[in-house]
Amino acid sequence: MSASTKRPRLKLNLLGSDGQRKCKEIIERPVKVLQIGEGNFLRGFVDWMLHESARQGKFHGSVVVTQPRPGGKAKLEQIKDQDGLYTMITRGLSQGKVVERTEMISIFSRCMNPYEEWQAFLELAELPSLEFVISNTTESGLKYIQSDVVEGEPVASFPGKLTVFLHQRYLRFEGDPSRGLIHLPCELLEGNGDVLRSCILRHSEDFGYSEAFRTWITDHNLFLNNLVDRIVTGAPTKEEADALSKRWGYEDQLINTAEPYHFWAIQGDEGLDKKLPLKQAGLNVHWVKDLKPYQVRKVRILNGAHTLMSSLGILHGKQHVRETMEDSQFGPWIREAVHEEIVPALDMPDHNLDQYAEEVFERFLNPYIDHKLQDIALNTIGKFKVRVLPTLLSYDQSEGNWPTRLVRGFSGLLWLYRPVNTSEGYKGQRLDGEAVLLRDDPDVLAALTAHWDHYDSINRDREQLNDRLTAVLSDSTLWGENLDERKGLREALLNEMVLLEGEME
Ligand SMILES: NC(=O)c1ccc[n+]([C@@H]2O[C@H](COP(=O)([O-])OP(=O)(O)OC[C@H]3O[C@@H](n4cnc5c(N)ncnc54)[C@H](O)[C@@H]3O)[C@@H](O)[C@H]2O)c1
Ligand SMILES: O=P(O)(O)OC[C@@H](O)[C@@H](O)[C@H](O)[C@H](O)CO
């Protein structure tokens, strides 16, 4: 048995009288939030924010945390086992300076497994103090899955479960308009609030609930579209956790880590900050009238730069974002691509895009995070279509020519994604000849494999390359349109691909 396993588990009674008093003071507050999801992100973002606001005496409530699916109750058990406590480590660069902060988060007053405590879960719906439902169940969790409701049995899906929960509340308070809840689904889907409301309305029809209930849902519950942004990296390495445990004298199995940057844009009335006092607690939370610019800004600049650097970086043997940003050629190239090609194409002068881009670069350079290009490259064709291609196409319209860096990034992606189907999956090739596993939709990879079939990269025939490129660009199932019809694009890409071909060893 290692020394660390002998240390006691984090519990309230290990904190000393002052620590206990501070934590209890928050834990014993009335339940204001039902949280669906116990993952790293919610604990490192929303719960951390609520705790900060509570600590400042602004948010007078606590959170009941529940798990969103029948499997994976382990984390919930761990939270229960630690009296709801966990340590949050914030670290990275902020305005050029290294930040490292450790906080004890004590916002959870109860943990509940709705699949084993269905009745108790429904009883929460009857709490007069309840005001919010917050979730993050990944893109897979926030969707309508047809199901039936059986008295006394839990519904599996998150929206299905919430429908029964809201119906219980509606009945208990006899449709009182003031008892509706504020819903903040944090899943990374455009119009996440609208998606949740429509799932609930659909389930309520399936479950045979009344029209009056549906009116109460629509008129007296708020479903707020919102955009979250923070890189939450979860547990530290085992070695680091052991070292921390030694220093603290107890073991925390729920240590969470995140970057200092945090941003939450919520489409809703600023007056709601009275109920959810996050902005007034100094947190980077914005109540906005129109979420779209924030979404576009994040997807095109942050995610766009990630997608742009991933294929070209992998082709050149790079592993991580920071390493790519620190490279004397790639670093300036990415910065120029963003400032000179992505930002101008957005035409959003009032949104401090260049400043946002600089913040993004600082986040990319976070010395504590090794963000793998391979992970970012997962499903890259679909991501490129949404995160980079619209910029490339709109730049063309406004400037009348093709942006050289985005074209280079696109050619890197096309060069890497010339798949060969092997027994280990579809593989591409780096410039040094090393094989790279390509992780994308099998249909996408099969289509690309067919387009590049029998391509002879040894003899370097420009005409043959031109033919293959024509086939790939014309495949509108990949790009949403026939890109070969875009004047001059194929020629621009062809020139870049010939250069890449020349760099192959
Ligand atoms: N970690 C980050 O930096 C970060 C930043 C912004 C957004 N996000 C998004 O947040 C989501 C969760 O990330 P995380 O870091 O908390 O991961 P995590 O693995 O710690 O948590 C995932 C959570 O989603 C639930 N879940 C997974 N599949 C589900 C399904 N099919 N139905 C219902 N629930 C399901 C899990 O039970 C768990 O509660 C991801 O989709 C990610 O894109 C993460
Ligand atoms: O999470 P993905 O796979 O959709 O995209 C990869 C990254 O661009 C993404 O994880 C960002 O780091 C994140 O969106 C920052 O909030």
Side-chain angles (χ1 to χ4, degrees), residues 35-48 65-79 86 90 92 111 113-115 134-145 147 154-162 185-190 192 196 199 226-235 254-259 261-265 284 294-295 297-310 313 320-322 324 356 359-361 363-364 366 368-388 439-440:
Q35 178 169 316
I36 303 191
E38 76 305 334
N40 295 327
F41 180 72
L42 279 183
R43 291 189 300 110
F45 187 77
V46 176
D47 297 318
W48 165 79
V65 57
T66 72
Q67 89 203 51
R69 50 181 179 168
K73 61 178 181 180
K75 195 150 267 174
L76 205 76
E77 291 296 329
Q78 290 177 331
I79 299 174
Y86 64 94
T90 302
C111 304
N113 178 344
Y115 302 96
I134 296 180
S135 66
N136 193 5
T137 61
T138 78
E139 290 93 320
S140 314
L142 179 45
K143 64 174 163 210
Y144 168 82
I145 301 171
S147 57
V155 178
S157 80
F158 146 51
K161 214 164 31 217
L162 187 55
C186 301
E187 288 80 359
L188 283 178
L189 286 177
E190 212 175 312
N192 39 20
L196 179 58
C199 290
N226 68 94
L227 173 81
V228 296
D229 190 3
R230 186 179 215 197
I231 299 175
V232 178
T233 29
L254 291 163
I255 306 171
N256 202 0
T257 60
E259 62 174 344
Y261 183 91
H262 60 281
F263 175 85
W264 196 2
N284 196 18
Y294 298 93
Q295 223 136 19
R297 184 178 82 161
K298 183 192 173 215
V299 169
R300 299 279 196 95
I301 294 179
L302 187 155
N303 302 109
H306 263 166
T307 301
L308 197 65
M309 78 170 78
S310 64
H320 299 117
V321 172
R322 177 163 31 89
T324 313
Y356 175 77
E359 284 169 3
V360 165
F361 300 145
R363 297 168 67 191
F364 286 177
N366 187 337
Y368 296 100
I369 295 181
D370 287 329
H371 202 163
K372 291 197 184 87
L373 295 179
Q374 272 286 5
D375 288 347
I376 291 168
L378 174 72
N379 298 330
T380 210
I381 303 290
K383 285 180 188 167
F384 186 86
K385 190 170 126 189
V386 174
R387 301 174 182 189
V388 183
R439 294 181 299 152
D440 215 306

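Just so you know, ligand 1 is whichever comes first in the structure, and atom 1 is the first atom listed for that ligand. Heads up: numbering here begins at 1 and tracks the sequence.
If you take NZ on Lys298 and CG on Leu188, they are separated by 5.0 Å, rounding to the nearest 0.5 Å. Between the CD1 atom of Ile79 and the CD atom of Glu38 there is a distance of 6.0 Å, given to the nearest 0.5 Å.
When each atom of ligand 1 is checked for a heavy atom of Gly141 under 4.0 Å away, the hits are 30 (C), 32 (N), 33 (C). Distances below 4.0 Å separate heavy atoms of Glu38 from the following atoms of ligand 1: 37 (O), 38 (C), 39 (O). Short contacts between ligand 2 and Lys383, defined as distances under 4.0 Å to a heavy atom of the residue, involve ligand atoms 2 (P), 3 (O), 4 (O), 5 (O). Near His371, meaning under 4.0 Å from one of its heavy atoms, ligand 2 places the atoms 12 (O). Remark: ligand 1 atoms within the under-4.0 Å shell around heavy atoms of Pro68 are 25 (C), 34 (N), 37 (O), 39 (O). If you number the atoms of ligand 1 from 1 as listed, the ones under 4.0 Å from a heavy atom of Gly39 come out as 16 (O), 20 (O), 21 (O), 39 (O). In summary, the atoms of ligand 1 found under 4.0 Å from a heavy atom of Ile231, numbered by their order in the structure, are 3 (O). Close approach of ligand 2 to Lys298 (heavy-atom distance below 4.0 Å) involves ligand atoms 13 (C), 14 (O), 15 (C), 16 (O).
Inter-residue side-chain proximity for Lys383 and Asn303 is flagged as unmet; no heavy-atom pair is nearer than 4.5 Å. Between Thr90 and His262, every side-chain heavy-atom pair lies at or beyond the 4.5 Å cut-off. The shortest distance between side-chain heavy atoms of Cys199 and Phe158 does not fall below 4.5 Å.
For atom 20 (O) of ligand 1, the nearest protein heavy atom is under 4.0 Å away. Under the 4.0 Å distance rule, the nearest protein heavy atom to atom 3 (O) of ligand 1 falls inside the cut-off.
The minimum heavy-atom distance between Asp370 and Arg322, with the atom names listed, is OD1-NH2, 2.6 Å. For the residue pair Arg230 and Gly44, the shortest heavy atom distance occurs at NH1-O, 2.7 Å. Of all the heavy atoms in Asn40 and Val232, the pair that sits closest is O-CG1, 3.4 Å. A pairwise comparison of heavy atoms in Phe45 and Phe263 identifies CZ-O, 3.4 Å as the closest pair. Residue Asn226 comes nearest to Pro185 through the heavy atom pair ND2-O, 2.8 Å, listed as atom of the first residue, atom of the second, then distance. Contact detail for Gln295 and Leu189: the closest heavy-atom pair is NE2-O, 4.2 Å.
Side chain of Glu259 to backbone of Gly92: no donor-acceptor contact under 3.5 angstrom is found. In terms of modelled atom types and a separation under 3.5 Å, the side chain of Tyr368 and the main chain of Thr257 share no donor-acceptor contact. For Asp440 (side chain) and Thr380 (main-chain N/O), a donor-acceptor pair under 3.5 Å exists by modelled atom type.
With respect to atom 6 (C) of ligand 1, the closest heavy atom belonging to the protein is Phe41 CE1, 3.7 Å. The protein heavy-atom contact nearest to atom 40 (C) of ligand 1 is Thr138 CG2, 4.1 Å. Regarding atom 17 (O) of ligand 1, its nearest protein heavy-atom neighbour is Asn40 N, 4.6 Å. In terms of protein heavy-atom proximity, atom 31 (N) of ligand 1 is nearest to Ser140 CB, 3.4 Å. In terms of protein heavy-atom proximity, atom 12 (C) of ligand 1 is nearest to Asn136 ND2, 3.8 Å. Protein heavy atom in closest approach to atom 7 (C) of ligand 2: His306 ND1, 3.3 Å. Nearest to atom 41 (O) of ligand 1 among the protein's heavy atoms is Glu139 OE1, 3.2 Å. The nearest protein atom to atom 28 (N) of ligand 1, hydrogens excluded, is given as Arg69 NH1, 3.3 Å; this is a heavy-atom distance. Annotation: atom 29 (C) of ligand 1 to nearest protein heavy atom, Thr137 O, 3.4 Å. Nearest protein neighbour of atom 9 (C) of ligand 2, counting heavy atoms only, is Asn303 ND2, 3.6 Å.
Using cut-offs of 30° and 60° on the angle between ring planes, the pair His306 and Phe364 is parallel.
Annotation: Val232 places an N or O atom under 3.5 Å from an N or O atom of ligand 1; distance criterion only. Considering backbone and side-chain N/O of Lys75, none are found under 3.5 Å from N/O of ligand 1. Polar contact check, Leu188 against ligand 1: no nitrogen or oxygen pair lies under 3.5 Å apart.
Contact annotation: for Leu302 versus ligand 2, heavy atoms closer than 4.0 Å belong to the side chain alone. Only side-chain heavy atoms of Arg387 come within less than 4.0 Å of ligand 2; its backbone N, CA, C and O stay farther off. Contacts of Arg230 with ligand 1, taken as heavy-atom pairs under 4.0 Å, involve the backbone alone.
At a threshold of 4.0 Å, the pair Arg363-Asp229 counts as salt-bridged, since one of the basic side-chain nitrogens sits closer than that to a carboxylate oxygen.
Atom 16 (O) of ligand 2 has its nearest heavy-atom neighbour, among Asp229, Thr138, Val386, in Asp229.
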